[in-house]
Asks: 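One structure coming up, written as structure tokens, with questions to follow.
Heavy atoms only: backbone and side chains are in, while hydrogens, waters and symmetry mates are out. All values reported here derive from a predicted model rather than from experimental measurement.
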Amino acid sequence: MLTIFPPMPHSTPDQTSRVRTVFDDWAVRGRAEGMERSHGPVARKAFHHLGLKPDSWYLDIGCGNGYTVRWAAEDVPDGKAFGIDVAPEMIARAKDLSQGLANAEFHLATFPQHDLPLGRFDAIFSMEVLYYLPSLSAALEEVVRLLKPDGRFVSVVDFYQENSASHSWPEDVGVAMRLLSAAQWREAFEDAGLEVVEQARITLPVAQAGESWKADVGSLMTAGQRGRKRGRRGRRGQRGR
């Protein structure tokens, strides 16, 4: 039975525009590098679950200033590393910081819309992005379409039901966010045709955490793998863009 998630609370028709405006502003004010410092230690732990090989194709959905794309570009000398983001200023920052990495590419895109090849990616990553998207189901279905058979998707979120310290963030940031439990994230992956191979809380040492919840509750990582058959929703074929 497919799980039907309710619409995001307080979401408006211009959700994408609002997210773009917020992150463009953060990029201009230097907060992109602050996000890299804040998310980097957790992202690095989750990144290792992707199992990249020298010829892998990698994608970061919501890449910000491109820090994980740079990690991947170094790890896949015979492959390619892509980043997409909805915010033009973030993409500009990512390109500027990634000069000299010939196998790194950045695309301005409003996921799940994009111009990337389907069925080509070995590994897809997303850090603190999916809960902003108007349709989680559409996003995860598109992840499945982008992955090769047996390709892996790793998502990390800090805004989730079990982390009560995060629940004020939509009001704090001024952007609607979808609040799900760990079990609901698992259900969403499975409904899209991703086998959940691991779900875990990633915590940091107290001295490194900065905020107490990062040491006590942690970030929620969900790792899914695309099977060799399309998922229950994924069998509907290509959607118009």
Side-chain angles (χ1 to χ4, degrees), residues 14-50 52-117 120-133 139 142-143 146 153-159 169 172-175 177 204 208 210 214 219 241:
D14 64 345
Q15 168 77 1
T16 299
S17 296
R18 179 58 185 154
V19 170
R20 180 183 296 114
T21 297
V22 168
F23 284 98
D24 271 340
D25 178 63
W26 287 11
V28 169
R29 292 195 289 123
R31 289 191 63 179
E33 285 63 60
M35 291 169 63
E36 177 180 356
R37 289 190 296 272
S38 175
H39 296 323
V42 169
R44 178 62 85 175
K45 290 186 176 185
F47 185 82
H48 289 307
H49 290 264
L50 291 167
L52 293 178
K53 298 178 181 178
D55 61 349
S56 291
W57 275 40
Y58 170 86
L59 171 64
D60 185 340
I61 299 170
C63 65
N65 76 357
Y67 64 96
T68 80
V69 179
R70 290 189 286 279
W71 297 347
E74 294 177 354
D75 288 349
V76 297
D78 301 320
K80 291 187 177 182
F82 295 81
I84 61 174
D85 202 282
V86 70
E89 294 292 344
M90 285 291 186
I91 290 294
R93 188 69 183 135
K95 289 180 177 179
D96 184 57
L97 291 171
S98 305
Q99 294 181 38
L101 292 171
N103 61 339
E105 288 188 22
F106 296 94
H107 296 246
L108 182 65
T110 304
F111 199 78
Q113 297 178 338
H114 59 84
D115 58 2
L116 299 170
R120 188 65 182 83
F121 289 87
D122 302 278
I124 301 178
F125 182 76
S126 183
M127 178 82 194
E128 287 284 89
V129 171
L130 293 187
Y131 52 68
Y132 290 114
L133 303 183
E142 195 63 16
V143 166
L146 283 162
F153 174 52
V154 172
S155 168
V156 181
V157 294
D158 292 338
F159 180 71
W169 292 358
D172 297 341
V173 178
V175 177
M177 303 178 188
L204 298 175
Q208 187 181 13
K214 292 185 178 183
S219 303
R241 297 184 188 278

Asks: I need the single residue from Phe47, Phe82, Trp71 that forms a side chain to side chain contact (heavy atoms under 4.5 Å, CB included) with Tyr58. Which is it?
Replies: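 The passing option is Phe47.
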Asks: Considering only heavy atoms from C-beta outward, does the side chain of Arg93 approach that of Asp96 to under 4.5 Å?
Replies: yes
Asks: Applying salt bridge (Lys or Arg N to Asp or Glu O under 4.0 Å), can you list everything that pairs with Arg20, at least two apart in sequence or on another chain?
Replies: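 For Arg20, no residue satisfies salt bridge (Lys or Arg N to Asp or Glu O under 4.0 Å) once neighbours in sequence are set aside.
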Asks: Any non-hydrogen side-chain atom of Val175 less than 4.5 Å from a side-chain atom of Gln15?
Replies: yes
Asks: Give me the atom names and distance for the closest heavy-atom approach of Glu128 to Tyr132.
Replies: O-CE1, 3.4 Å
Asks: Go through it in stages, so that I can follow the logic: the residues are Val129 and Phe111, the test is side chain to side chain contact (heavy atoms under 4.5 Å, CB included), and I'd like the CA-CA distance, side-chain angles, deciding distance and then a yes or no.
Replies: CA-CA 10 Å; Val129 171; Phe111 199 78; over 6 Å; no
Asks: Would you say the side chain of Asn103 lies within less than 4.5 Å of the side chain of Pro77, judging by non-hydrogen atoms?
Replies: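 When only atoms from C-beta onward are counted, Asn103 and Pro77 do not touch, as no gap falls below 4.5 Å.
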Asks: On a heavy-atom basis, which atom in Cys63 and which in Ile91 lie closest, and how many Å separate them?
Replies: SG-CD1, 4.1 Å
Asks: Is Phe125 close to Val156 at the side-chain level, that is, under 4.5 Å between some pair of heavy atoms?
Replies: yes
Asks: Are any of the side-chain heavy atoms of Leu146 and Arg120 separated by less than 4.5 Å?
Replies: no
Asks: Which heavy atom in Ala104 sits nearest to a heavy atom in Ala73, and how many Å separate them?
Replies: CB-CB, 4.2 Å
Asks: Rounded at 0.5 Å granularity, tell me how far CZ in Phe153 sits from CD1 in Ile61.
Replies: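 Spacing of CZ (Phe153) from CD1 (Ile61) equals 5.0 Å.
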Asks: Kindly say whether Ala109 contributes a backbone atom to a donor-acceptor pair with the side chain of His107 at under 3.5 angstrom?
Replies: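 It does not hold such a pair.
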Asks: Is the shortest side-chain heavy-atom distance between Asn65 and Arg70 below 4.5 Å?
Replies: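 Sidechains of Arg70 and Asn65: in contact.
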Asks: Testing the basics here: between Gly83 and Val69, what is the closest heavy-atom pair and its distance to 0.1 Å?
Replies: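 Smallest heavy-atom distance, with atoms named: CA-CG2, 3.7 Å.
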Asks: State, yes or no, whether a side-chain contact exists between Ser219 and Leu204 at a heavy-atom distance under 4.5 Å.
Replies: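 In short, these two side chains do not touch, never coming nearer than 4.5 Å.
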Asks: Side-chain contact, heavy-atom cut-off 4.5 Å: Trp57 with Pro117?
Replies: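 Yes, their side chains come closer than 4.5 Å.
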Asks: How long is the gap from CG on Leu101 to CZ on Phe106, to the nearest 0.5 Å?
Replies: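 Answer for the CG-CZ pair, Leu101 versus Phe106, is 8.0 Å.
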Asks: What heavy-atom pair brings Ala87 and Phe23 nearest, and what distance separates the two atoms?
Replies: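 That closest heavy-atom pairing would be CB-CB, 3.9 Å.
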Asks: Could you state the interatomic distance from CD (Glu105) to NZ (Lys95), rounded to the nearest 0.5 Å?
Replies: 9.5 Å
Asks: Using the rule given for side chain to side chain contact (heavy atoms under 4.5 Å, CB included), can you reason through Val42 versus Lys214, listing the C-alpha separation, both sets of side-chain angles and the distance that settles it, and then say yes or no?
Replies: CA-CA 9 Å; Val42 169; Lys214 292 185 178 183; 6.0 Å; no
Asks: Which atom pair, heavy atoms only, marks the closest approach of Ala94 to Gly64?
Replies: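 Looking at all heavy atoms of both residues, the shortest contact is CB-O, 3.7 Å.
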Asks: Can you tell me how far CG of Leu108 sits from CE of Met90, rounded to the nearest 0.5 angstrom?
Replies: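 With rounding to 0.5 Å, CE (Met90) is 12.5 Å from CG (Leu108).
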Asks: Name all residues meeting the side-chain hydrogen bond (donor to acceptor under 3.5 Å, both in side chains) criterion together with Asp122; count only those two or more places apart in sequence or in a different chain, and write none if there are none.
Replies: Lys148
Asks: Calculate, to the nearest 0.5 Å, the distance between atoms CZ and CE belonging to Phe159 and Met177 respectively.
Replies: 6.0 Å
Asks: To the nearest 0.5 angstrom, please state how far the CD atom of Glu142 sits from the CG atom of Leu133.
Replies: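 Taking CD in Glu142 and CG in Leu133, the distance rounds to 11.5 Å.
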